[in-house]
Colleague: 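Pasting a structure below so you can have a look.
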Protein chains: 2
Amino acid sequence: MLSERQMMILRAVVRDFTNTGVPVGSKTLAKQLPIHVSSATIRNELAALEEQGLIEKTHSSSGRIPSGEGYRYYVDHLVKPDPLRPNDIDVIQSSLGGDFHKIDEIISQSATILSNLTSYTAFTLKPELKDSRLSGFRLIPLGKRQVMAILVTDSGDVENQTFDVNEKVTGEQLEAVVRLINDQLVGLTLPEVLKKLQQDIPLKIANYLQSPEGFLDIFGDVLTRAAQERFYVGGRLNLLNFSQDSDVDSLKSLYAMLDKTDDIADVLGQPSDKISVRIGNEMTNDALRNFSLITATYDVDQHGQGMIAILGPTRMPYSRMLGIVGAFREELAKKLLDYYRFYDE
Amino acid sequence: MLSERQMMILRAVVRDFTNTGVPVGSKTLAKQLPIHVSSATIRNELAALEEQGLIEKTHSSSGRIPSGEGYRYYVDHLVKPDPLRPNDIDVIQSSLGGDFHKIDEIISQSATILSNLTSYTAFTLKPELKDSRLSGFRLIPLGKRQVMAILVTDSGDVENQTFDVNEKVTGEQLEAVVRLINDQLVGLTLPEVLKKLQQDIPLKIANYLQSPEGFLDIFGDVLTRAAQERFYVGGRLNLLNFSQDSDVDSLKSLYAMLDKTDDIADVLGQPSDKISVRIGNEMTNDALRNFSLITATYDVDQHGQGMIAILGPTRMPYSRMLGIVGAFREELAKKLLDYYRFYDE
DNA sequence: CTTAGCACTTGATTAGTTTGAGTGCTAAAA
DNA sequence: TTTTAGCACTCAAACTAATCAAGTGCTAAG
């Protein structure tokens, strides 16, 4: 259990360190703190905090920096989200104010805004009814040998892919396949579709197509994309700013992660109602040891729930970041509601 | 004019420096060279080469490194492409051996292969009949409020985009628009289409749609994508390996460039029949000062001409890289011919 | 419980040395 | 005229003290 004063000191340590990046010593604290105590007293308290594992030294005679647990305690008990700066409000309003014709444009734009506001890397996920279902499938012949496959889900996602077919495939065959898929698969959730696609469908489809493999590849491709490709990332390059003494390898693995949607999903984790902060070692991914992740969900009424997130150095100004994320989730939800309202009625 | 011996020495300087990265001195050269002369003689020759601006010192008593002009002379007169390593041949064969259903898959895969072989960043452009023309346009209603726009060019490129429309737009209106576009624009080159789109079309389209602006935005969007989005990039992350003492800013501007297709097109420049090498300062782009770019075209008979390129440090082993690029362009052309042969007949 | 005082630790910075690879130049040899 | 041995000189890099500043823990007194 921490005393009032210890909390005050821990808060000051975190704030000072996240601002300056320099380990903070007893004298600095004595000057900053509102109460009037000597540096020796602070030293005693610091020793106590270190005892509890909340702060640590970089070397035996250095100032203190927060430990992972220290950050945890800070965000759980001590931090208060900053109100937005007027300037930030302007940025949000003007960037999100325009006219959009696609949900995805709003979401991807959001990732950019969020990364600009924070100067970190931002993620956005579009709102989603959970367990969205396949609601339609089409094959559209485009030229002598190109066909486009389009897949629509009941949550309004559209995925498509063009591929080349051997001349021998006729329009009727394509139509038969489309009918088959619409009959058998529409209404199922995407994972169910994927499963079925590997089991009974190939046999049936073989009646219409001589070599169904290629076709099934395509369909599976489109399908997995629809199931996964829901992330937008903004400010990728901002990761470079925190490249610890240019550790190229870990940077590479970070960037590799950003390109694998599975991994991102893993990292972002399950949505929870609150704004959640995960700190360095609390994440399974090793490359994220020196990073913190702030995630928040947003609700668009019956249109489901989405997610926004920012990834920055563990040493980030949490109060400001929490303020931004908190405010932005509201703005985004509002914007999306407007959007749906316009196109729905 | 260079003597035989000076050429031999310049070649050795470039080879040694590109291999080791260390400025090379007279003693080292004396040991490596096939002729038997003393280091003092070499020193005299080095002074002569420096006189001509082909090599330079990093400081007054250092060994020599090639200057921009030195590299230029080397690739123009002295280098001979290395034959491929057996291992490299395997990599190409196996990576390009599979079955593909889209040109774009082959091209994008090629960028990956090329970056793996070289451990640099690779670019690939798909073959293209110059001045490809719009050959078809469709609007496909997908749900109550979603429409997909598809655009096909006579070179087989397909671009599409989904957008949301206000309920008020009816199927007939859409069809009217499609008819209009197919009547007026099909057969024109893409730049012509873009131009016309800004002039007379808006008036006519206003007959069918109440607010044509949004729609025209979309169309223009798809169109510019079709005109531009022909590049694939492989091994982006390899740029990190050469981050000179972690100069974050120039790295950032490099990566920003990779995301702007216009810039890439600028940098790659016009196709020429030969394999071309551009060295650091020869490129207009300032961020590329320490890089070299090797570009090569490949021909797929009547299907047009494409391009491959690799971007690496000025200090790259040119003989090996030229070997790889030279061999790969052939393999790629062969593969594409096979592909077209299969789908064409 | 707080605080002044003090001895001690440590990373950073600076200046001075040494080392080694390399150069240019001169004068003799080929 | 070209080549070469020899030598003085240069410079970055690596190493060594020496000093500094910020900070700590501990003790003993308030």
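The chains referred to below are lettered A, B, ... by the order of the sequence lines, with proteins before strands, and numbering in each begins at 1.
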Colleague: Under a 4.0 Å heavy-atom cut-off, which of residues 45-57 of chain A touch DNA chain D?
Modeller: Leu46(A), Lys57(A)

Colleague: Which pairs count as salt bridge (Lys or Arg N to Asp or Glu O under 4.0 Å) when at least one residue sits in residues 66-77 of chain A, sequence neighbours excluded?
Modeller: Arg72(A)-Asp76(A), Arg72(A)-Glu282(A)

Colleague: Identify the two heavy atoms, one from Arg315(A) and one from Thr20(A), that lie closest to each other, and give their separation to 0.1 Å.
Modeller: NH2-C, 4.1 Å

Colleague: Any residue in residues 58-68 of chain A with a heavy atom nearer than 4.0 angstrom to DNA chain D? Just list them by number, or reply none.
Modeller: Ser61(A), Ser62(A), Gly63(A), Arg64(A)

Colleague: Looking at residues at least two apart in the chain, or sitting in another chain, which of them share a salt bridge (charged side-chain N to carboxylate O under 4.0 Å, His left out) with Asp259(A)?
Modeller: Arg236(A)

Colleague: Just jot down the salt bridge (charged side-chain N to carboxylate O under 4.0 Å, His left out) partners of Glu50(A), sequence neighbours excluded, or say none.
Modeller: Arg64(A)

Colleague: Identify, residue by residue, the members of residues 16-27 of chain A with a heavy atom below 4.0 Å from DNA chain D, and return them in order of residue number, or none.
Modeller: Gly25(A), Ser26(A)

Colleague: Show every salt bridge (Lys or Arg N to Asp or Glu O under 4.0 Å) that has at least one partner inside residues 3-21 of chain B, sequence neighbours left out.
Modeller: Arg5(B)-Glu45(B)

Colleague: Please identify each residue that fulfils salt bridge (charged side-chain N to carboxylate O under 4.0 Å, His left out) with Arg85(B), with sequence neighbours left out.
Modeller: none

Colleague: Given dC6(C), dT3(C), dT3(D), which nucleotide is nearest the side-chain atoms of Asn44(B)?
Modeller: dT3(D)

Colleague: Which residues satisfy the salt bridge (charged side-chain N to carboxylate O under 4.0 Å, His left out) test with Asp82(B), sequence neighbours excluded?
Modeller: none

Colleague: Which pairs pass ring-ring contact (aromatic ring centres under 6.0 Å, His included) with one or both residues in residues 55-90 of chain B, sequence neighbours excluded?
Modeller: Tyr71(B)-Tyr318(B), Tyr73(B)-His77(B)

Colleague: According to salt bridge (Lys or Arg N to Asp or Glu O under 4.0 Å), does anything in residues 24-40 of chain A pair up with another residue at least two apart or in another chain? List the pairs.
Modeller: none

Colleague: Could you note down all residue pairs passing ring-ring contact (aromatic ring centres under 6.0 Å, His included) where residues 267-295 of chain B supplies at least one of them, sequence neighbours left out?
Modeller: none

